[in-house]
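Residue numbers begin at 1 in each chain, while the letters A, B, ... track the order of the sequences.
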Amino acid sequence: MFYVFHVDVNSAYLSWEAVYRLQQGDSIDLRTIPAVVGGSEADRHGIVLAKSIPAKKFGIHTGETLYGARQKCPGLVVVPPRYGLYMQCSEAMVAIMNQYAPLIQRYSIDEAFLHYQLPPSMIQGQGAEAAAVAAALRLKAQIRQELGFTVNVGIGPNKLLAKMASEFQKPDQVHTLFRHEVPEKMWPLPVQELFFVGRATARKLRGYNIFTIGQLAAADPQLIHCWLKKPGLLIWQYANGLDDSRVTDEPMPIKSIGNSSTLPFDVTDRATAHQILLALCETTAMRLRKIRRCAQVVSVTLRSSELITYRHQCRLASPTDVTSLIWQESCRLFDNVWKKEPLRHMGVHLSDLCSNEYYQLSLFHQHLEKHHQLDRTIDALRLRFGTRAVFRGCFSHSSIQPLMGGVLQDQEVDYPMMASYL
DNA sequence: TCTGGGGTCCTAGGACCC
DNA sequence: TCTGGGGTCCTAGGACCC
């Protein structure tokens, strides 16, 4: 007998930022005022990454522009993100969760599932439910006391219902969604609140007169399948509370890897574009080598200043993890597809990954071997002396960063462990 | 200086082969 | 050449999640 807990940090980035600032002696708790964590507007990354509850009351949404958010709330406090800090907060939370169960599945930086096993003496029923709630309340209180931030814990018979439960009322709440509670607690909700029903699917469903999760649950699955194809069957099952996926701590195998960046200025010439591709290839290929994979497909994504996004991909003759080969291919793709319009955003993605073992053994070609050794040497130097220790000469008199993409480049600052709070 | 960055999965349609 | 049908591979695009 077990239950699944879903632990969700309330306004994660903003709460973590608030706690850190209080620790540093700041007198204002960001959670109690209209405040958001947002990217740099000067670098054109100016969107809301997380918002406080008072900010939410002004109608501010995650993902909207800081400009838009300020229109809604002129006195809004905006603070920049510190991803390294957030990683540490996340680690500290998972460490506490581990005191309650050996099996934890990290779902994202601020969400995790916990497989809560009841003692064998407990059989299904009120006693078991009450025991699970009591444990969740203790977990929530311990996180709050030791780390200073609040979480919602959802309890259910499976991951889907646990996750739906954690979304109910916020912050600092434990909610249950046991099977017998589904008709009362989940079915009346608007269909777009169901996991995996996004804007597009909700719009289609409304076109078929399905407005609530209960209406979706009661619909004919064959019809839903016909309308929405395979994802339709999935959301029909979700609407009925059905989900047989297990909590697992085995990491998902990585299928693709990529980096992209909204550029500080519009790019209008080929040479600059190629240099940016190199900066993106450096980061992406380095990550590829780190996980010991080679890529067979290279893809270049472009977004124009008009926000039109398109991409172009191709399959390589043989898999590679060599930065310069990936860059060469990226430039070729770029030249074939760029329409010469100003570019706001560029990206490089690698997919169809395979092991690099065979590749390493078959380095017969001298020039490949040299590239390979160069990449390895640079990787080792960057690991030891930091990502800025060594970079290509073409960047030395350029305003373009030699490595682009990735969010954890500012991890040189070490933050104190959150567990030192209180 | 109004629109981020990291992923996964699915489907449509064309090319190509038998 | 007024050409059937099945299967595979590939690319582009769109949906969803955080």
Side-chain angles (χ1 to χ4, degrees), chain A residues 6 8-9 11-13 36-50 61-72 78 80-81 83 86-87 90 105-113 159-160 163 166-167 192-205 225 227-235 238 251-266 280 283-284 287 291 296-316 333 336-337 344-353 404-409:
Chain A
H6 179 253
D8 189 337
V9 180
S11 316
Y13 288 4
V36 299
V37 175
S40 151
E41 286 172 293
D43 292 340
R44 309 203 295 186
H45 294 185
I47 62 156
V48 174
L49 297 163
H61 305 287
T62 301
E64 82 171 307
T65 59
L66 293 178
Y67 177 85
R70 278 201 201 86
Q71 303 284 83
K72 294 176 182 173
V78 180
Y83 294 103
Y86 310 153
M87 291 289 283
S90 179
Q105 179 176 6
R106 299 189 75 153
Y107 185 70
S108 70
I109 193 166
D110 67 334
E111 291 179 35
F113 293 99
K159 283 158 63 172
L160 183 267
K163 181 153 171 62
S166 70
E167 298 290 313
Q192 61 269 25
E193 293 192 22
L194 183 63
F195 184 63
F196 245 79
V197 176
R199 211 186 359 194
T201 306
R203 194 180 333 112
K204 283 184 203 166
L205 286 170
H225 183 227
W227 294 338
L228 303 172
K229 306 300 170 198
K230 211 168 165 180
L233 280 186
L234 185 73
I235 60 169
Y238 284 176
M252 292 246 297
I254 294 168
K255 304 269 174 64
S256 72
I257 201 168
N259 285 105
S260 64
S261 184
T262 294
L263 309 162
F265 52 88
D266 283 351
L280 290 163
T283 317
T284 309
R287 291 171 59 204
I291 61 165
Q296 291 179 272
V297 171
V298 178
S299 162
V300 167
T301 303
L302 306 178
R303 180 175 302 147
S304 71
S305 54
E306 313 275 81
L307 298 170
I308 311 281
T309 305
Y310 52 102
R311 97 190 141 98
H312 197 37
Q313 72 175 55
C314 80
R315 175 163 288 269
L316 300 170
L333 286 165
N336 281 335
V337 77
R344 170 187 185 86
H345 172 106
M346 298 177 68
V348 171
H349 290 83
L350 305 171
S351 56
D352 212 332
L353 308 185
M404 287 180 70
V407 97
L408 284 170
Q409 288 181 24

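OP1 or OP2 of C/dA12 lies within a sub-4.0 Å distance of a side-chain N or O belonging to A/H312. An OP1 or OP2 oxygen of B/dG4 is reached within less than 4.0 angstrom by a side-chain nitrogen or oxygen of A/R303. The phosphate of C/dA15 (OP1 or OP2) has no side-chain N or O of A/T201 nearer than 4.0 angstrom. OP1 or OP2 of B/dC9 has at least one side-chain nitrogen or oxygen of A/K255 nearer than 4.0 Å. At the phosphate of C/dC18, OP1 or OP2 sits under 4.0 Å from a side-chain N or O atom of A/K163. Between A/N259 and the phosphate of B/dG6, there is a side-chain N or O to OP1/OP2 separation shorter than 4.0 Å. Side-chain N/O atoms of A/S261 include none lying less than 4.0 angstrom from OP1 or OP2 on B/dG4. The shortest distance between the side-chain N/O atoms of A/T262 and the OP1/OP2 oxygens of B/dG5 is below 4.0 Å.
Base pairing in DNA chain C gives the following stems of 3 or more Watson-Crick or G-U pairs, range against range and under 3.5 Å: B:5-18 with C:5-18.
For A/K229, the side-chain atoms get nearest to B/dT11 when compared with the rest of B/dT11, B/dG4, C/dG13. Picking from C/dC16, C/dC17, B/dT8 the nucleotide with the shortest atom distance to the side chain of A/F195 gives C/dC17. Taking every side-chain heavy atom of A/R344 into account, B/dG4 is the closest of B/dG4, C/dA12, B/dG6. Closest contact between the side chain of A/A200 and the listed nucleotides C/dA15, B/dC10, C/dT11 involves C/dA15. Set against B/dT11, C/dC18, B/dG4, the side chain of A/K230 has B/dT11 as its closest nucleotide. Of the candidate nucleotides B/dT3, B/dG5, B/dC10, B/dG5 has the atom nearest to the side chain of A/H345. In the set B/dT3, B/dT8, B/dC10, the nucleotide with an atom closest to the side chain of A/L307 is B/dT3. Listed candidates were B/dT11, B/dT8, B/dG4. Nearest to the side chain of A/M252 is B/dT8. Among the nucleotides B/dC2, B/dT8, C/dA12, the one closest to any side-chain atom of A/S256 is B/dT8.
With rounding to the nearest 0.5 angstrom, the CG atom of A/L205 is 5.0 Å from the CD1 atom of A/I235.
In this structure, CG of A/N336 is placed 15 Å from C1' of C/dA12, rounded to the nearest angstrom. With rounding to whole Å, A/L350 atom CG is found 12 Å from B/dT8 atom P. Here the P atom of nucleotide B/dG6 and the CE atom of A/M87 are 14 Å apart, to the nearest Å. When the P atom of B/dT11 is taken as reference, atom CH2 of A/W227 falls 18 Å away, rounded to whole Å. Whole-Å rounding puts the A/H45 NE2 to B/dT1 C1' distance at 13 Å. Between A/D110 atom CG and C/dC17 atom P the separation is 15 Å, expressed in whole Å. Rounding to whole angstrom units, CG of residue A/D43 and C1' of B/dT3 are separated by 15 Å. Separating the CG atom of A/L228 from the C1' atom of C/dC16 is a distance of 13 Å, rounded to the nearest angstrom.
At a cut-off of 3.5 Å, with distance as the only test, no side-chain donor of A/T301 or A/R311 sits close to an acceptor on the other residue.
Around OH of A/Y310, the count of heavy atoms belonging to other residues, nucleotides or ligands within 6.0 Å exceeds 12. Counted within 6.0 Å of CD1 on A/I254, heavy atoms from surrounding residues, nucleotides or ligands total 12 or fewer; the atom is thus considered open.
The shortest side-chain heavy-atom distance between A/M346 and A/L263 falls under the 4.5 Å cut-off. In this structure, the side chains of A/K163 and A/E111 come closer than 4.5 Å at one or more pairs of heavy atoms. Looking only at side-chain heavy atoms (C-beta outward), A/L49 and A/Y83 come within less than 4.5 Å of each other.
Spacing of C1' atoms, C/dT3 relative to B/dC17, comes out at 16 Å, to the nearest Å. Remark: the separation of the P atoms in C/dC18 and B/dC2 is 29 Å, to the nearest Å.
Here A/G63 lies out of heavy-atom contact (under 4.0 Å) with every strand. At the heavy-atom level, A/K204 lies nowhere under 4.0 Å from the strands shown. A/V197 comes within 4.0 angstrom of the backbone, heavy atoms only, and of no base. Residue-level contact check: A/G68 touches neither bases nor backbone, having no heavy atom under 4.0 Å from any strand. At a threshold of 4.0 angstrom between heavy atoms, the contacts of A/E64 with the nucleic acid are absent. Among the heavy atoms of the strands lying under 4.0 Å from A/I257 are primed sugar atoms or P, OP1, OP2 only; no base atom is included. As judged by a 4.0 angstrom heavy-atom cut-off over every strand, A/T309 is placed among residues making no nucleic acid contact. Here A/S299 lies out of heavy-atom contact (under 4.0 Å) with every strand.
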Next item on the list: Take A/S90 and A/R106, measure what side-chain hydrogen bond (donor to acceptor under 3.5 Å, both in side chains) needs, and give me the verdict at the end.
Entry: CA-CA 9 Å; A/S90 179; A/R106 299 189 75 153; 2.3 Å; yes
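The shortest non-hydrogen separation linking A/N259 to A/M404 is CB-O, 4.0 Å.
The 5' end of DNA chain B is approached more closely, in terms of each residue's nearest nucleotide, by A/T65 than by the other of A/P231 and A/T65.
Contact annotation: side chain of A/R311 to base of C/dG13, donor-acceptor pair present below 3.5 Å.
The aromatic rings of A/F113 and A/Y107 stand perpendicular to each other, their planes meeting at an angle above 60°, with 30° marking the opposite boundary.
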